[in-house]
Amino acid sequence: MKHALVTGSSRGIGRAIALELARRGFALAVHYARGEAAAREVAAEAERLGAPKVAVLGADLSQKEAAAELVARTHTELGGLDVLVNNAGITRDGLLIRMKDDDWDAVLETNLSAVFRLTREAVKRMMKARWGRIVNVASVVGLMGNPGQANYVAAKAGLIGFTKTIAKEYGGRGITANAVAPGFIESDMTAALPEKVQQEYLSAIPTGRFGKPEEVAGLVAFLASDAAAYINGQTIAIDGGLYPH
C-alpha cells in the first residue's frame, strides 16, 4: 500500500487527483487550508472509492512551520508517505505596475516556498524507503507567461526549475520528481467567465475545449505509479496543444 499527500485537495484539480489516487488504492491525506467541510466530503468519497485509509488534515501553508507539521501528521495518520502531490496554490492577479508587495509575497510563499518546505520534509522520509514520487502541479503559464500574473507565473516557472533540481539530486535514491502543467481546465473560475472571454480562450486551444480535472488527475496518478519509474525531471503540459514545446 502506498501513502499519498495531496495538498489543496478539497476542490478542483486537487480533489480530482485525490479521488483518482483513491481509485488506485492509495492511502490518502486530504489537505485543506480553509474548506474543512469540502475536504471531509472528498475523504468520504475517497473511502467509497476504495482508499484503505484516509486522513483529513488542515494546514495554512503560508506559515513556515506548517509544512513540517503537515508531513509529520501525514506520516503518523497514514503510516507512511510515498507520494507528495504539491497542488495547493493561490492567485493575486494584477498588472505589474499595480501589483502590491503583499500580493507578490503571498503567491510566492504559498505556490513556491511552501513546496520547497514540503518537499524537503517528504524527501527525508522517502530516502529511508528508497522510493518516492514528487509531482508538482505547475501551469502552462509557467512556460509561456501570462499578462496580469507576474507573481503566479514566476512561482510556477520557479516550480518547474525546482522540479528539475530535485530530480537530479534524488533520482539515484529511487525518488522521481516531475511537474504537470495544466492549461485551461474546467472549474468554477472558467465557468464564471463571460461567454465572449471563454470563446477567446477556446479559439487558442487546438482541441477546442477546456480540459477536465479528471484528465489532469489521470496524468498525476500515472506519474505517481511504478510504471513511471523512468520518467524524471520532466514537465508535461496538459493543455490541449495551447503551448506546444
Side-chain angles (χ1 to χ4, degrees), residues 1-90 109-137 159 162-163 166 170 173-180 217 220-221 223-226 228:
M1 178 175 65
K2 298 299 186 186
H3 313 83
L5 165 61
V6 183
T7 66
S9 46
S10 64
R11 60 189 178 89
I13 291 173
R15 177 184 185 277
I17 293 169
L19 295 180
E20 182 59 31
L21 292 176
R23 287 187 188 92
R24 300 188 185 208
F26 282 76
L28 187 66
V30 178
H31 161 260
Y32 69 93
R34 285 169 292 278
E36 181 177 358
R40 293 200 176 281
E41 290 178 4
V42 174
E45 179 67 6
E47 289 176 341
R48 189 187 70 80
L49 290 170
K53 190 180 294 186
V54 182
V56 178
L57 304 176
D60 179 357
L61 294 176
S62 68
Q63 302 301 310
K64 289 185 177 181
E65 68 280 1
E69 292 175 0
L70 180 58
V71 170
R73 288 169 63 199
T74 298
H75 197 274
T76 298
E77 294 279 342
L78 299 184
L81 177 56
D82 306 293
V83 176
L84 171 63
V85 181
N86 287 305
N87 168 76
I90 63 171
E109 187 65 30
T110 298
N111 296 15
L112 185 57
S113 295
V115 172
F116 151 67
R117 289 189 285 265
L118 285 162
T119 304
R120 180 178 59 187
E121 295 303 316
V123 162
K124 292 175 185 176
R125 299 173 185 274
M126 293 174 181
M127 284 197 302
K128 293 179 181 178
R130 298 195 66 82
W131 197 99
R133 298 286 185 267
I134 308 292
V135 185
N136 295 322
V137 180
L159 187 57
F162 177 76
T163 301
I166 299 307
Y170 297 102
R173 298 173 183 258
I175 301 168
T176 65
N178 292 288
V180 299
V220 171
L223 291 173
S225 72
D226 286 319

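Note that the structure is a prediction, hence the values are computed from the model and not measured. One-based numbering along the sequence shown.
- Within the 4.5 Å cutoff, no side-chain heavy atoms of Leu159 are placed close to those of Asn111.
- In terms of heavy-atom proximity, Gly25 sits nearest to Met1 at O-CG, 4.2 Å.
- A search for side-chain contact (heavy atoms from CB on, under 4.5 Å) contacts involving Glu45 returns Leu19, Arg48, Leu49, not counting sequence neighbours.
- Tested against Val137, the residues Thr7, Asn86, Ile17 include a single side chain to side chain contact (heavy atoms under 4.5 Å, CB included) partner, Ile17.
- Residues satisfying the side-chain contact (heavy atoms from CB on, under 4.5 Å) criterion with Glu47, sequence neighbours excluded, are Val54.
- The salt bridge (Lys or Arg N to Asp or Glu O under 4.0 Å) contacts involving residues 64-75 comprise nothing, where partners must be two or more places apart or lie in separate chains.
- Summarising the geometry, atom CD belonging to Glu41 is positioned 8.0 Å from atom CZ belonging to Arg15; distances are rounded to the nearest 0.5 Å.
- Taking the side-chain contact (heavy atoms from CB on, under 4.5 Å) definition, one finds that Ala114 meets it with Leu61, sequence neighbours left out.
- If you take OG1 on Thr163 and CG on Asn136, they are separated by 4.0 Å, rounding to the nearest 0.5 Å.
- Residues forming a side-chain contact (heavy atoms from CB on, under 4.5 Å) with Thr176 (at least two apart in sequence, or on another chain): Arg133, Asn178, Asn232.
- When the shell of 6.0 Å around CZ of Arg117 is examined, it contains more than 12 heavy atoms from other residues, nucleotides or ligands.
- Checked against Phe26 for a side chain to side chain contact (heavy atoms under 4.5 Å, CB included), the options Val83, Leu78, Val6, Asp82 give a single hit: Val83.
- The list of salt bridge (Lys or Arg N to Asp or Glu O under 4.0 Å) pairs with a residue in residues 29-40, not counting sequence neighbours, reads Glu36-Arg40.
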